[in-house]
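Working notes, structure below.
Note: hydrogens, waters and symmetry copies are ignored here, and every other heavy atom, side chains too, is used. Every number for a ligand or one of its atoms is a count from 1 in the order of the listing.
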Amino acid sequence: MTVRVRYAPSPTGEPHVGNIRTALWSWLHARHHGGVFFVRIEDTDQTRLVPGSADRILESLRWLGMDWDEGPDKGGPFAPYTQSQRLPLYQAAAARLIASFDAYRCFCSSARLEELRNEQRANHQPPGYDGHCSTLLPDEAEARAVIGEPSVVRFRMPDEGATSFTDLLRGEITVENATLDDFVILKSDGFPTYHLAHVVDDHEMQVTHVSRGDEWIPSAPRHVRLFEALGYEVPVYVHTSVILGPDGGKLSKRHGAKAVLEYAQDGYLPDALFNFLAITGWAPDGTTEIMTRDEAIAAFDFAQLNAHPATFDVPKLDWMNGMYLRALPVPVLAEHFAVWLERTLPADVPRPLDRAFVEEITPLVRERVKLLADVTPLVDFFFASDPTPAKADTLLGKPYASRPEVAVATLHAAATALEGIDAWEADAIETALRGAAEATGEKVGDLFMLCRVAVTGKAVTPPLFETMAIVGEETSLARLRAAARVAATE
Ligand code: GLU
């Protein structure tokens, strides 16, 4: 039998990382077994729809490199893949359940249900429908519906016994039927609830494994009952655990969790986020963390997933992103940098950036970058026309704050030493500056820092000599002399 798994998001907002990780594991399962991974949009709760959300969900999958074989945008043998376009199927299933006495029409008003809830609360009883309409004669109920009285359809749960199902990660789970009320499967507007819609679709679309968040465990017995009442085979269940924040609380923005596309915005590589999500709650052999997609596909097994909540570890994600960035060949990394820099450098820097130039500076910073976002402050001075600090105190720092005249002399000495070199290359620049330190009696580190701030405008930069080599002779010398003028104003 072909493995068929689905990602069934509700288009109610941006997909968050926990939701996408469950989809990612399903994708790995499908690819591992040479099966089918498809997307189904579950938009039956019309009150919660967020315009544009379905597109963003597909865009998130695309960015992460999770391709789907069937879906709302590409069709497939069981199209349509958007539930609001499949209403007759659910209505027919509900009618079938009414006919078999597994479901009934309920005419209770929202006011009555509200009153019931209040009463239950006051008596410290669990909430749930009291079966008020379950004894209506089917013909009578049908007659009331035909003349237009609003109704929902409820599934009839047995009062006695228990319902069991097997979860691949958690073993057999059994729930007493008495704890489950007669739940709504079709709403008064003719739309199904999630319970009915996904059961019908998982059957129609021949889903073999249902992998979804563990918040659905309490509802699973209802779904098992529905599958059985409709004469469908129950799929294999895999209820994945949640991802928690490092403080053990519900994962949120405050823990650094974002919508998937925000990671793209913030300079993460899709391969890194993919790898990170794959291993958040899954340790294939207990130690391996960095895995290519193909390695993850080869190793994946639902049964190995951790049934306990995983922790969202932002430092690990950042570390992983750095690993992925550094592993890229220089020209590829340079292209990432160029695109990022074009987005983030000041508006007065002309675009497009010279790709050859970006490739030249890439090796200087690749070891220092964890996120693409780190690159801009490290290299922006390469693109600035005049990065010399306007303020003398930035330039002078501690060693020269009380003796600016020494800084002036040192900067001139450095410039003069540099003027004498034959080839403007890192080694020669270093030799000249060391010579200047010796000649002036300044500490080598102090002189280097003075020159660094003079040439780049900042104290933290890529390696100084390589940087000056790329900045060029004329510009470097001009900036040293300009910095001397700034220091002289103190
Ligand atoms: N639409 C449901 C949700 O987004 C799907 C759950 C499932 O995978 O069955 O939570």
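Among R452, R368, E466, the one residue that satisfies the side-chain contact (heavy atoms from CB on, under 4.5 Å) test with T461 is R452.
Counting only distance, with no hydrogens or angles, the side chain of S241 and the backbone of N306 share a donor-acceptor pair below 3.5 Å.
The ring-ring contact (aromatic ring centres under 6.0 Å, His included) pairs that include a residue from residues 316-339 number zero, where partners must be two or more places apart or lie in different chains.
Ranking protein heavy atoms by distance to atom 5 (C) of ligand 1, first place goes to A8 O, 3.1 Å. Of the protein's non-hydrogen atoms, the one nearest atom 7 (C) of ligand 1 is Y194 OH, 3.2 Å. Regarding atom 1 (N) of ligand 1, its nearest protein heavy-atom neighbour is E42 OE1, 2.7 Å.
Of the polar atoms of R6, at least one N or O is found under 3.5 Å from an N or O of ligand 1, judged by distance alone. Between P9 and ligand 1, a contact under 3.5 Å exists for no N or O pair. For the pair S10 and ligand 1, the shortest N or O to N or O distance falls below 3.5 Å.
Under a 4.0 angstrom heavy-atom cut-off, W216 registers as being in contact with ligand 1.
Below 30°, between 30° and 60°, or above 60°: for H198 and F227 the angle between ring planes is above 60°, a perpendicular geometry. In this structure, H203 and Y232 have parallel ring planes: the angle between them is below the 30° cut-off, well short of the 60° mark.
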Could you tabulate the donor-acceptor pairs under 3.5 Å formed by side-chain atoms of residues 372-384, not counting sequence neighbours?
unit_1	atom_1	unit_2	atom_2	d
D374	OD2	K370	N	2.9
D374	OD2	L371	N	2.9
T376	OG1	W340	NE1	3.3
T376	OG1	T344	OG1	2.9
D380	OD1	K458	NZ	2.8
D380	OD2	K458	NZ	3.3

